[in-house]
Amino acid sequence: MLILAILLAQLLNNKHLKFKGLFRTCVFLPCATSLVSYALIFKSLFATQGLINTILVKLGILESNFNFLGTGWSAKIIIIVALIWRWTGYNMVFFLAGLQNIEYSVYEAAKIDGASGWRTFWSITVPLLRPTIVMTTIMSINGTLQLFDESVNLTKGGPANATITMSHYIYNGSFGEGVANFGYASAMSVIVFIMVAILAFINLKVGDKRD
């Protein structure tokens, strides 16, 4: 998701690109969709009688309708695709802001020196975007550990808990079926908090190159 976001930001930051505003809006638009709504849309698209199955069967790719949400590996892929669709534009905005703070003369100097586009990206863009990369990485890790809506609304954690997330697991321990175990759920919540704090600390240390 972050790799795609930074590549899209680099592409849409080109001052010679026409209709930049339109393309940026199209990429960011999924972020304006509510979490529940977009999860239900993906659930409808990948249902056994949904649009994706209909298209694949008509094209001859599948012989019969496939239960995407009822199979462990495919359900995970659908959640990943949904997350990429929903959050790539959100992260792209941060990278765009970072790119627009880089003087264009730096790129012009690299071009005069004969640096290729790929070399310029790795030697200029990525180092100068380090603070933004660290920030978006921390936010993405934090969001992943708290992932809840997609698991609940798309697959309900199934099949056989194949797609259950930590937040969903904590919710089930507190308010799910069976006897509520608030003590265990609270302990899990503390563990998630500690994991977020440790990972954020590691990312800050990696990204901080000040002497």
Under the side chain to side chain contact (heavy atoms under 4.5 Å, CB included) test, residues paired with [X] that sit two or more places apart:
X      : result
Ile124 : Val106, Tyr107, Ala110, Thr120, Leu128
Ile3   : Leu7
Leu35  : Tyr38, Arg86, Trp87, Asp149, Glu150
Thr25  : none

Using 0.5 Å steps for rounding, measure from the [atom1] atom of [X] to the [atom2] atom of [Y].
X      : Y      : atom1 : atom2 : answer
Leu51  : Leu56  : CG    : CG    : 9.0 Å
Ile55  : Leu62  : CD1   : CG    : 11.5 Å
Leu129 : Gln10  : CG    : CD    : 8.0 Å
Phe42  : Thr155 : CZ    : OG1   : 13.5 Å
Ile6   : Leu99  : CD1   : CG    : 7.0 Å

For atom [atom1] of [X], is the number of surrounding heavy atoms from other residues, nucleotides or ligands below 6.0 Å larger than 12?
X      : atom1 : answer
Lys20  : NZ    : yes
Glu108 : CD    : yes
Phe148 : CZ    : yes
Glu103 : CD    : no

Hphob cluster co-occupancy, [X] + [Y], side-chain heavy atoms under 4.5 angstrom:
X      : Y      : answer
Ile194 : Met139 : no
Phe193 : Leu147 : no
Leu45  : Ile61  : yes
Tyr104 : Leu17  : no
Phe23  : Phe95  : no

(message) Under a 3.5 Å distance rule, please check whether Ser44 uses its side chain to pair with a backbone N or O of Leu40 as donor and acceptor.
(response)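 Answer holds: no.
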
(request) Please confirm whether the backbone N or O of Thr163 pairs with a side-chain atom of Ser151, one donor and one acceptor, at under 3.5 Å? (result) yes

(message) Ring-plane angle category for His168 and Tyr171, please: parallel below 30°, perpendicular beyond 60°, tilted otherwise.
(response) tilted

Could you pull out all donor-acceptor pairs under 3.5 Å where a side-chain atom in residues 67-82 meets a protein atom, sequence neighbours excluded?
unit_1, atom_1, unit_2, atom_2, d
Asn67, OD1, Gly70, N, 3.0
Thr71, OG1, Asn67, O, 3.0
Ser74, OG, Phe68, O, 2.5
Ser74, OG, Thr71, O, 3.1

Is the shortest side-chain heavy-atom distance between [X] and [Y] below 4.5 Å?
X      : Y      : value
Ile41  : Trp85  : no
Asn13  : Ile102 : no
Phe175 : Phe182 : yes
Ile133 : Leu2   : no
Cys26  : Leu22  : yes

Restricting to side-chain hydrogen bond (donor to acceptor under 3.5 Å, both in side chains), what partner residues turn up for [X], sequence neighbours left out?
X      : result
Thr54  : none
Gln49  : Asn65
Asn181 : none

Which ILVMFWY residues can you reach from [X] by hopping between side chains whose heavy atoms are under 4.5 Å apart?
X      : result
Phe28  : Val93
Leu11  : none
Ile141 : Leu145, Ile164, Met166, Tyr169, Ile170, Tyr184, Met188, Ile191, Val192, Met195, Val196, Leu199

(request) Grab the two heavy atoms, one from Glu63 and one from Val57, that are nearest each other, plus how far apart they are. (result) O-CG1, 4.5 Å

(message) Taking ring pair (Phe, Tyr, Trp, His ring centres under 6.0 Å) as the cut-off, I'd like each qualifying pair that reaches into residues 112-134, sequence neighbours left out, listed once.
(response)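 Passing the test, one end in residues 112-134: Trp118-Phe121, Trp118-Trp122.
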
